[in-house]
Amino acid sequence: MKNLLGILALTFVSATASAQRDVPKIDVTLFDAPYNVAHGLRGPSMQQSLTLTATAYDLTHLALQNVFGENHPVLNKTAVAVFDGILLEELPLPFTDAWLHEEWHRAVMGNRGIDSFDDVYKLKAGVSSISVSHVRDEDLIRLKAEHPADLVRLDEAGVEGETMIVQHLEKEHFFDRSNAYHVPLYLLMKLGVYAYIASSTDRQSDVDTDEMNAREGADVKRRDFTGHDFLGWMVDLSRPEEPYTARGIHPSGVGINRYRKTTDLTPEELAFLDRQGKLSLLNFVDPNVAGVDGFRTKGVEWNATASHYLTSFGYTIDANVFLRASDQKLFVTLHRYTNHERSFPGLDMELIDQPVGKLRITPRIALWSQPDGQRFRTSEGKIGGLAGLRVDLPMRGLYGSYVVVDAKTAGWIAGNEQLGSNVSVRLGVTRMFRRRA
C-alpha cells in the first residue's frame with residue numbers, strides 16, 4: 001500500500017495538469033489468426049488480452065472520473081488511484097494487470113500448443129503470487145528441446161505485456177485525445193515491473209520458492225510453469241543447450257524441480273540479472289507519469305519516453321517518439337537490442353490513421369538486426385523486419401471495425417507471440433465516444 005500513498009500524492013499534483021480531452025477510441029481484437037486456430041480453438045492472444053485489458057481500464061477510469069461530478073477533478077482522480085491500487089495490489093481480477101501478465105505467459109505456450117490455466121480465475125484476494133498452472137512437465141521439456149528461445153520468451157512475457165499496455169494507453173492519450181486518467185496505473189505498473197525484476201537477486205526469493213514447493217507438494221497440476229519469472233529466464237537464456245530435465249527432481253519426489261533459485265545461477269548470471277533490475281528504471285523516463293502527455297514546439301505536438309524490455313535473447317532499450325502535426329500522426333521507436341556479446345540496432349515506425357477515401361489506414365514498418373537464432377551468446381546479427389497495415393472501415397454511428405495484417409521475418413517483436421517468420425491477421429471492433437462539451 002505504500003506505493004499507493006505516493007501515487008495518491010501525485011494525483012493532487014497532476015489533477016489539473018492537462019486540459020479537457022476527448023474520450024478515447026476503444027479497440028477490441030475479436031479474432032487473431034493463426035493464434036486462435038493453429039492448435040485448435042485457443043485464446044486470448046497477446047493482442048486480444050491487451051485490448052480487452054485496455055478497454056476495461058478505459059471504461060472503469062472514465063466512470064470513476066465522474067463519481068464526484070465535473071467540478072471535483074482531484075476527488076475523481078483519487079477514486080481512480082484507490083481503485084487501481086486495490087486491483088493491482090489486493091484483488092487481482094480478469095481484465096486487470098495481473099490477468100494480462102499471466103495471459104501473456106499463456107499466449108507463448110498456446111502458440112506452441114501447450115495447455116495451461118490462469119489462476120487469476122480463482123478470484124483469491126491478497127495473494128502474494130499467482131500461478132499459471134496445469135502445465136505438464138513433458139510440454140516444458142519439449143519446448144526447451146525444440147524451441148529454446150520460446151522458453152526464454154515465456155519467462156519474460158508477463159512484464160512485456162505490462163510494459164506494452166502502458167504504451168498502448170499513452171498512445172490513446174496522445175493520438176486519440178483520450179481523457180481517461182491513467183497516471184496511477186502507469187506508476188503502479190512501472191513500480192511493479194521494477195520491483196519484480198529487482199527481487200530476482202534477493203535471497204528472499206529463495207525462501208518464497210521453498211515455500212511454494214512445500215505448499216504445492218506432489219500435485220504437479222498446482223505448480224506454476226516457472227516460479228520466479230526472471231530466475232527461470234536467466235537460466236534458460238544463458239543455457240539454451242542444457243536439457244530441461246537438468247533441473248532435477250522436485251523436492252516432493254514427483255516431477256521436475258521447475259523453480260530456479262539464486263543459488264542455481266553463476267555469479268556472472270546473477271550480475272546480468274541484477275543489471276536488468278537497474279535498467280528497468282528507464283521505464284520511468286516518461287513524462288506521462290507526471291500527467292504530461294505531450295509538448296508543443298512550433299505547431300508540432302510531441303512526446304518522448306524510454307522503455308526497457310526483456311527479450312528472448314537478452315533485452316532492448318527503446319526510445320519512443322510521439323509526433324503530431326495537424327492530421328499527421330507518427331509513432332517511432334528506436335531499438336537498442338542487446339545480448340551477452342553486443343548490441344544491435346532496430347527501427348519501428350507507424351503512420352497512424354491516414355485518411356484514404358472513407359477508410360483510415362495505419363501502415364507500419366520495422367527493420368532490425370537481432371542476434372542470430374535469438375541466442376544470448378553470439379556476436380552474429382541477422383537482418384529482419386515487419387510490414388503491417390491496419391485498415392479502419394467506415395463508422396456506423398459510434399461503432400466501426402478494423403483489420404490488421406502483419407508479415408514478419410524471424411525476430412522478437414513486443415506483443416507478437418511468433419519468434420519465427422509469420423503472417424497474422426486480426427479483426428476487431430472500435431467504439432468511438434462523443435466529444436464532451
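For clarity, every value in this text was computed on a predicted model and none was experimentally measured. Index from 1, following the sequence.
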Residue pairs fulfilling salt bridge (Lys or Arg N to Asp or Glu O under 4.0 Å) with at least one residue in residues 179-198, sequence neighbours excluded: K190-D286
For W302 and F174, I'd like to know if the aromatic rings sit close, meaning centre-to-centre distance below 6.0 Å. no
Thinking salt bridges, do R223 and D219 make one under a 4.0 Å N-O criterion? no
Whether the H168 and T51 side chains hold a donor-acceptor pair (N or O, under 3.5 Å, no angle test) is what I'd like checked. no
Applying salt bridge (Lys or Arg N to Asp or Glu O under 4.0 Å) as the test, list every pair that has at least one member in residues 134-157; sequence neighbours left out. R112-D150, R136-D139, D137-R258, D139-R142, K144-D236, R153-E156, R153-E160
Say whether T333 and D318, considering side chains only, have a donor N or O and an acceptor N or O under 3.5 Å apart. no
For the pair K221 (side chain) and H134 (backbone), establish whether a donor and an acceptor sit closer than 3.5 Å, ignoring hydrogens and angles. no
Assess K171 against F322: is NZ or CZ under 6.0 Å from the centre of the six-membered ring, and within 45 degrees of the ring's axis? no
Tightest non-hydrogen contact, residues S49 and W104, listed as OG-NE1, 3.0 Å
Do Q47 and T29 have side-chain atoms, one donor and one acceptor, less than 3.5 Å apart? no
Who passes side-chain contact (heavy atoms from CB on, under 4.5 Å) against S369, sequence neighbours left out? F344, P345, I383
Looking at F117, W99, F225, which one forms a ring pair (Phe, Tyr, Trp, His ring centres under 6.0 Å) with H105? F225
Does any donor atom in the side chain of S238 or E269 lie under 3.5 Å from an acceptor atom in the other side chain? yes
Salt bridge check: are D27 and R390 linked by an N-O gap of less than 4.0 Å? yes
For A98, enumerate each residue passing the side-chain contact (heavy atoms from CB on, under 4.5 Å) test, keeping only those at least two apart in sequence or located in another chain. P92, T96, V120, I130
How about R342 and S379: does a side-chain donor come under 3.5 Å of a side-chain acceptor? no
Quick one: OH on Y186 to NE2 on H173, what's the gap to the nearest 0.5 Å? 4.5 Å
Considering only heavy atoms from C-beta outward, does the side chain of L279 approach that of R275 to under 4.5 Å? yes
Which value, rounded to the nearest 0.5 Å, describes the distance between F331 atom CZ and N303 atom CG? 10.0 Å
Residue pair E102, D119: steps toward the side chain to side chain contact (heavy atoms under 4.5 Å, CB included) verdict: CA-CA 8 Å; E102 307 305 345; D119 281 6; over 6 Å; no
Under 3.5 Å, is there a donor on one side chain and an acceptor on the other for E268 and H340? yes
Between S252 and N213, do the side chains contain an N or O donor and an N or O acceptor separated by less than 3.5 Å? no
Cation-pi geometry met for R426 and F31 (6.0 Å, 45°): no
Centroid-centroid under 6.0 Å between F313 and Y337 rings: yes
Distance-only side-chain donor-acceptor flag, S343 / T338, under 3.5 Å: yes
Looking at the rings of F376 and F272, which for Trp means the six-membered one, are their centres under 6.0 Å apart? yes
State, without any angle test, whether N36 and Q48 hold a side-chain donor-acceptor pair at a distance under 3.5 Å. yes
Could you tell me which non-hydrogen atom of N76 sits nearest to which non-hydrogen atom of Q65, and how far apart they are? ND2-O, 2.7 Å
Ring-plane angle category for H101 and Y196, please: parallel below 30°, perpendicular beyond 60°, tilted otherwise. tilted
OG1-CG distance between T60 and L87, expressed to the nearest 0.5 angstrom: 7.5 Å
Checking T378 against D372: is there a side-chain donor and acceptor pair closer than 3.5 Å? no
Separation between OG1 of T362 and CG of D353, rounded to the nearest 0.5 Å: 4.5 Å
Straight-line distance of Y244 OH to L140 CG, nearest 0.5 Å: 4.0 Å
Sequence neighbours excluded - salt bridge (Lys or Arg N to Asp or Glu O under 4.0 Å) pairs with any residue from residues 29-53: R42-D115
Cut-off 3.5 Å, side chains only: do H182 and H61 have a donor facing an acceptor? yes
Can you name the closest pair of heavy atoms from M212 and S131 and give their distance? CE-OG, 4.4 Å
For Y402, I'd like to know if atom OH has over 12 heavy atoms of other residues, nucleotides or ligands within 6.0 Å. yes
Would you please name every residue forming a salt bridge (Lys or Arg N to Asp or Glu O under 4.0 Å) with D210, sequence neighbours left out? K261
Going by atom types only, do E216 and H250 share a side-chain donor-acceptor pair under 3.5 Å? no
Would you compute the distance between atom CG of L52 and atom OH of Y57 and round it to the nearest 0.5 angstrom? 13.0 Å
Would you say that L359 contacts D392 through its side chain, given a criterion of any heavy-atom pair below 4.5 Å between the two side chains? no
